[in-house]
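Everything below concerns the one structure shown next.
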Amino acid sequence: MPRETIAEFGLEHLQILDDTGKLDAKLEPKLDDAHLLEIYRYMMLARESDKRMLNLQRQGRIGTFGPSTGQEAIAVTTALAMNDEDWLVGAFRELGARLVRGETLLGNLLLYNGCEEGNAVLPAEKRVLPINIIVASQNLQAVGLGYAMKHQGDKGAVVSFMGDGATSEGDFHEALNFASVWRAPVIFISQNNQWAISVPREKQMHSQTIAQKGIAYDMPCIQVDGNDVLAMHVAVTEALDRAHAGEGPTLIEAVTYRLMMHTTADDPRKYRSEEEENEWWEKEPIKRFRGYLEKKGLWDDKREEALLAELKAQIDTDVKEFESRTDFKVDAPFDYVYAEEPAEIAQQRTEFLESIGKEANHG
Amino acid sequence: MAKLNMVQAINLGMKQEMANDDSVIMLGEDVGVDGGVFRVTDGLQEIYGEDRVMDTPLAESGIVGASIGMALAGLKPVAEMQFSGFSYLAIHQMEGHAARYRSRSQGVWTCPMVLRMPYGGGVRALEHHSESREVLWAHNPGLKVVIPSTPRNARALIVAAIRDPDPVVFMEPKHSYRAFKEEVPEAEEVLPIGKARVVQEGSDLTVIAWGAAMRTVQKAAKAFGEKTGKSIEIIDLLTISPMDTETIVASVKKTGRCVIVQEAVRSFGPASEIIARINDHALMYLEAPVARVTGFDVVTPNFFREKMYVPTVERISDALNQTLDF
């Protein structure tokens with residue numbers, strides 16, 4: 001018997017607006033002006049929020065967080081392509097998507113100040129899960145949500161975000177396999193920002209692409225320029241359309257770059273060069289997309305100035321409200337262990353409150 | 001009433017809950033066509049179809065992680081781990097997510113699901129098929145850990161677990177799966193989670209146990225009582241966490257003596273926790289130190305030696321003697 005090729009696989013890369021601002025008009029999606037401007041606005045809101053949060057963190061006014069600067073196109077474009085009944089399942093670098101879905105900067109400030117209240121700002125009906133810190137574990141929950149949608153005849157699809165390092169985790173592979181077997185309506189988006197804290201992509205995997213990992217699970221997969229709003233919109237919309245039509249999951253590798261630190265707790269100078277970062281600053285999504293809007297006559301310096309003033313006011317309001325919050329119930333963690341409080345926990349709550357009272361008295 | 005073994009009794013409880021509530025879904029390895037390797041889900045797929053009784057790919061984290069997602073979306077997943085020894089591949093999903101969603105989101109998100117698993121010795125299988133690691137789950141606030149001991153309470157507790165608003169780890173003592181039968185009513189029966197049961201009243205000494213050890217305890221107590229005329233009170237813990245301190249303390253205050261029997265290794269186990277609670281609430285009532293009859297702090301031996309390592313009637317009798325003679 002001669003050896004024969006039993007399967008061959010291909011993989012697409014999609015870019016519509018390149019890093020020099022050149023547009024492939026044949027691939028350009030027909031998005032109305034309002035949608036384009038909304039994308040820009042939320043990208044700017046995420047970017048400006050990052051800047052303010054970094055300041056607050058450096059002053060010790062919030063705890064550590066993972067900035068999404070440089071990756072805004074992925075989160076914002078995706079969230080604005082989703083329907084209200086679609087679920088957003090995140091890791092912790094999708095601030096733009098969360099803001100689109102109704103989270104506030106205030107909620108995120110609370111969260112990154114170590115308050116559970118930050119994960120309680122949206123009602124469950126909004127279908128936005130809290131941030132997920134155990135890398136890749138959220139993907140399996142996304143699959144369960146997807147199965148439930150299908151089982152209940154619900155129209156919702158599920159978008160599950162992760163980074164590049166997440167694709168090394170077992171949970172990533174289990175999730176892709178389960179989603180593939182169950183034909184679950186899940187769009188997995190790996191934000192390949194080149195770095196998992198200090199470990200570069202080439203030490204993370206030998207695979208040429210992340211997208212090709214979907215081939216093993218026989219699901220549509222694509223590598224997209226994640227700093228290109230137009231390409232992201234097209235790839236996500238195609239994937240959502242398939243999911244909504246009952247055609248199962250998709251894996252999208254969104255190539256981008258984490259322009260800042262992993263979280264405020266590390267210093268990129270220890271593991272990568274400023275030159276590398278500067279190269280990527282040239283390809284960053286906001287500047288590129290602004291150029292596109294300008295060419296369409298939708299944007300100029302004056303409008304930029306007005307937007308920045310408006311965003312600053314919005315951010316100031318949230319920061320002010322965050323800093324004036326005093327209504328924190330110290331024993332709230334006891335309220336949410338179980339639906340009904342067991343006797344042992346009730347007793348420990350009393351013990352805790354007495355200890356707090358004593359401390360206050362010793363003041 | 002029919003006489004059922006524990007496998008049939010749990011099956012009955014799940015079958016009835018699936019009929020009562022469309023949102024109840026079973027998933028796991030071989031739970032569908034095969035009915036599970038112990039047949040606990042036998043016949044359920046035939047009745048409720050492949051969408052509600054699902055043979056999943058072989059991946060424990062996948063099963064549990066997907067169950068969490070289903071629970072968040074309003075389904076009631078009942079996931080089976082084929083053996084508790086394989087459940088550790090999913091521990092991050094339980095510790096990291098199922099146990100925490102309620103707290104993490106101040107009650108916006110909750111995770112009502114059941115994680116069933118056979119545990120403990122008694123089936124002459126290879127490594128990883130015979131440990132008692134209930135404490136791994138009990139150590140996590142947000143999880144409930146339930147261990148039945150007879151067919152009837154297993155049925156009543158699986159129903160309670162499925163209806164519970166919080167994640168429940170339901171550990172089935174596989175040594176008791178087919179060891180004996182008991183009358184189990186066809187009509188609905190539910191036992192409260194978090195409540196221990198005094199299965200035999202007595203005045204001289206309290207024995208506390210759970211799971212498969214209950215049978216050994218009852219055998220030992222019967223023989224001991226007949227021989228010495230001592231009156232032994234026996235408590236079946238039924239829920240490991242949250243633990244029913246009240247029933248334990250009331251009994252120990254009455255008898256002044258206590259022996260705890262656990263199949264798990266000695267150190268850091270539930271028995272240690274029970275002793276701490278007795279110290280907190282009933283120390284001055286004690287006539288003797290609380291004794292433990294436990295597994296030993298070794299890697300659970302393979303089945304050739306297993307029977308010598310789990311608590312035996314002899315070791316329990318010795319502990320009863322010593323505690324009464326103190």
Side-chain angles (χ1 to χ4, degrees), chain A residues 87 89 115-124 126-127 129-134 136-152 154 156 158 160 169-171 173-175 177-182 184 186 332-345 347, chain B residues 22-23 25 27 51-52 54-75 77 89-90 92-93 95-97 99-113 141-144 164-167 193-194 239 241-246 277 280:
Chain A
W87 290 77
V89 179
C115 305
E116 286 80 3
E117 285 82 351
N119 276 331
V121 289
L122 290 180
K126 296 291 285 185
R127 298 190 164 183
L129 291 192
I131 63 164
N132 230 304
I133 295 172
I134 302 179
S137 63
Q138 70 275 16
N139 290 308
L140 284 162
Q141 295 162 31
V143 175
L145 290 169
Y147 182 85
M149 292 302 97
K150 206 176 143 182
H151 183 78
Q152 294 164 331
D154 189 296
V158 186
S160 186
E169 291 277 7
D171 276 8
H173 295 275
E174 292 188 22
N177 186 45
F178 273 62
S180 172
V181 172
W182 291 350
V186 183
F334 288 91
D335 292 343
Y336 302 107
V337 189
Y338 299 102
E340 268 183 63
E341 185 169 59
E344 177 66 24
I345 295 182
Q347 191 209 314
Chain B
D22 284 346
S23 66
I25 286 215
L27 67 160
D51 287 346
R52 288 185 67 198
M54 306 160 68
D55 282 320
T56 65
L58 206 167
E60 287 74 16
S61 182
I63 294 165
V64 176
S67 296
I68 291 171
M70 291 176 183
L72 293 169
L75 295 178
L89 286 155
H92 66 295
Q93 289 287 354
E95 189 278 342
H97 298 299
R100 291 166 182 257
Y101 259 109
R102 184 184 291 282
S103 266
R104 176 182 290 157
S105 64
Q106 297 206 322
V108 172
W109 296 103
T110 58
C111 203
M113 60 176 281
L143 298 183
K144 295 182 178 179
D164 201 272
D166 288 301
I193 290 176
T239 299
S241 178
M243 193 179 276
D244 181 1
T245 314
E246 201 186 334
R277 291 188 190 209
D280 285 346

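In what follows, every chain begins at residue 1, and chains take the letters A, B, ... in the order their sequences are listed. Note that these values count all heavy atoms, side chains included, but never hydrogens, waters or copies made by symmetry. If you're wondering where the values come from, they're calculated on a predicted model, not measured in any experiment.
Using a distance-only test at 3.5 Å, with no hydrogens or angles considered, no donor-acceptor pair links the side chain of B:Tyr101 to the main chain of A:Pro130. No donor-acceptor pair closer than 3.5 Å links the side chain of B:Gln106 to the backbone N or O of A:Tyr336.
Using a 4.5 Å cut-off between heavy atoms, A:Ala332 touches chain B through its side chain atoms alone. Only the side chain of A:Asp171 comes within contact range of chain B, judged by heavy atoms closer than 4.5 Å. When heavy atoms are compared at a cutoff of 4.5 Å, B:Asp51 approaches chain A by way of both its backbone and its side chain. Heavy-atom distances place no part of B:Arg100 under 4.5 Å from chain A, backbone and side chain included. Within the 4.5 angstrom heavy-atom criterion, no atom of A:Ala175 approaches chain B. Proximity to chain A (any heavy atom under 4.5 Å) is restricted, for B:Ile25, to the side chain, taken from C-beta onward. Both the backbone and the side chain of B:Pro141 have a heavy atom closer than 4.5 Å to some heavy atom of chain A. Contacts of B:Thr245 with chain A are made by side-chain atoms alone, with heavy-atom separations under 4.5 Å and no backbone atom involved. Of the atoms belonging to A:Val337, heavy atoms from both backbone and side chain fall under 4.5 Å from chain B. Only the side chain of B:Leu27 comes within less than 4.5 Å of a heavy atom in chain A; its backbone stays farther off. Only the side chain of A:Glu344 comes within contact range of chain B, with heavy atoms under 4.5 Å apart. Neither the backbone nor the side chain of A:Ile133 comes within contact range of chain B; no heavy atom of the residue lies under 4.5 Å from a heavy atom of that chain. Heavy atoms of A:Glu174 lying under 4.5 Å from chain B belong exclusively to its side chain. Contacts of A:Tyr338 with chain B are made by both backbone and side-chain atoms, with heavy-atom separations under 4.5 Å. A:Gln347 touches chain B through its side chain: at least one heavy atom from C-beta onward sits under 4.5 Å away, while N, CA, C and O do not. Contacts of A:Gln152 with chain B are made by side-chain atoms alone, with heavy-atom separations under 4.5 Å and no backbone atom involved. Heavy atoms of B:Ser241 lying under 4.5 Å from chain A belong exclusively to its side chain.
Remark: of the listed residues B:Met54, B:Met70, B:Arg52, B:Arg52 is the sole one forming a side-chain contact (heavy atoms from CB on, under 4.5 Å) with A:His151.
Of the N and O atoms on the side chains of B:His97 and A:Ser137, at least one donor lies less than 3.5 Å from an acceptor on the other residue.
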